[in-house]
A.B. asks: 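I'd like to ask you about the structure that follows.
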Amino acid sequence: MLFGKKFRTQLPQAVGAAYSLKIDGKSACAVTYCGDGGTSEGDFHAGLNFAAVMDAPVIFICRNNGWAISTPVEEQFRSDGVVVKGQAYGIWSIRVDGNDALAVYSAVHTAREIAIKEKRPVLIEALTYRVGHHSTSDDSTKYRPIDEIEYWKMERNPVNRFKRWVERNGWWSDHNESELRSSVRKQLMQAIQVAEKAQKPQLSDLFNDVYDRLPSNLEEQERLLREIVKKHPEDYPSDVPL
Ligand SMILES: Cc1ncc(C[n+]2csc(CCOP(=O)(O)OP(=O)(O)O)c2C)c(N)n1
């Protein structure tokens with residue numbers, strides 16, 4: 001059972017789901033994610049304590065990438081990272097090099113065994129760096145040096161590191177790489193062609209996918225949108241059924 005990365009509200013929910021798996025006697029655990037920024041929210045603490053006292057089979061994976069949007073970890077907390085927070089709640093906690101794929105695999109594998117066999121929570125703190133911007137509306141070069149980003153992107157790149165390892169073992173080569181890249185590119189181009197030919201969803205689908213009966217504010221928005229499309233048809237794709 002997987003609880004994705006929203007902004008940490010998912011943590012207590014994952015613990016509840018894990019607890020229900022335990023009550024049902026399932027050989028399974030819940031997994032949930034958060035960032036370093038998420039650990040400052042109340043739900044992180046409620047979730048961890050809840051998991052510890054209920055012995056819930058849940059794995060908390062915290063991706064400590066040094067930044068919560070523009071807030072560096074030094075301004076996020078004064079503790080030695082996140083792993084100590086798990087320990088403080090009596091949770092078996094492990095810190096791993098998040099840029100080492102094999103180390104992450106091994107940590108998660110062990111965590112899953114502990115969570116399922118021993119019916120208790122585990123926290124994993126994966127140390128890494130966010131090489132991208134937080135979102136499309138963020139420009140992280142405004143608050144951190146470009147050299148720092150480049151260093152992590154090039155020197156500490158986890159994909160290149162894993163690639164070097166498989167190459168050293170003789171399982172991968174430049175030839176395999178270029179063959180894979182060109183075959184994936186071909187598949188992508190074909191998929192794009194198919195997608196471009198597919199009929200686009202109706203305009204009304206923008207509004208009717210949540211409520212059985214449209215609330216008046218959405219009716220109003222749909223009406224306004226249709227008026228605008230009529231007024232400026234050149235600004236809207238002609239292949240969207242109105
Ligand atoms: C309850 C709540 N408060 C604030 C925000 C705004 N917000 C969105 S992401 C974010 C920081 C997230 O930091 P982190 O968890 O470290 O994620 P990362 O920057 O590594 O993606 C904040 C403050 C939000 N979405 N929800």
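This one's a predicted model, so the numbers in the text were calculated from it and none came from an experiment. Order of listing sets the numbers, starting from 1, for every ligand and every atom in it. Just so you know, residue 1 is the first one in the sequence shown, and it goes up from there.
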A.B. asks: Near I69, which atoms of ligand 1 are under 4.0 Å from a heavy atom of that residue?
C.D. replies: 10 (C), 11 (C), 19 (O), 22 (C)

A.B. asks: By number and element, which atoms of ligand 1 are closer than 4.0 Å to a non-hydrogen atom of R130?
C.D. replies: 19 (O)

A.B. asks: Under 4.5 Å between any side-chain heavy atoms of R164 and N160, yes or no?
C.D. replies: yes

A.B. asks: Taking the six-membered ring for Trp and the single ring otherwise, decide whether the centroids of H109 and Y105 are under 6.0 Å apart.
C.D. replies: yes

A.B. asks: Does the D36 side chain pair with the main chain of N65, one donor and one acceptor, at a distance under 3.5 Å?
C.D. replies: yes

A.B. asks: Give a yes/no on ligand 1: does Q76 have at least one heavy atom closer than 4.0 angstrom to it?
C.D. replies: no

A.B. asks: Can you list the atoms of ligand 1 that are under 4.0 Å from a heavy atom of G35?
C.D. replies: 14 (P), 15 (O), 16 (O)

A.B. asks: Can you tell me if G38 has a non-hydrogen atom under 4.0 Å from ligand 1?
C.D. replies: yes

A.B. asks: Between W67, Y129, F44, which one has a non-hydrogen atom sitting closest to atom 18 (P) of ligand 1?
C.D. replies: W67

A.B. asks: Listed by chain and number, what are the side chain to side chain donor-acceptor pair (under 3.5 Å) partners of W165, not counting sequence neighbours?
C.D. replies: none

A.B. asks: Just by distance, do the side chain of N176 and the backbone of S173 share a donor-acceptor pair under 3.5 Å?
C.D. replies: yes

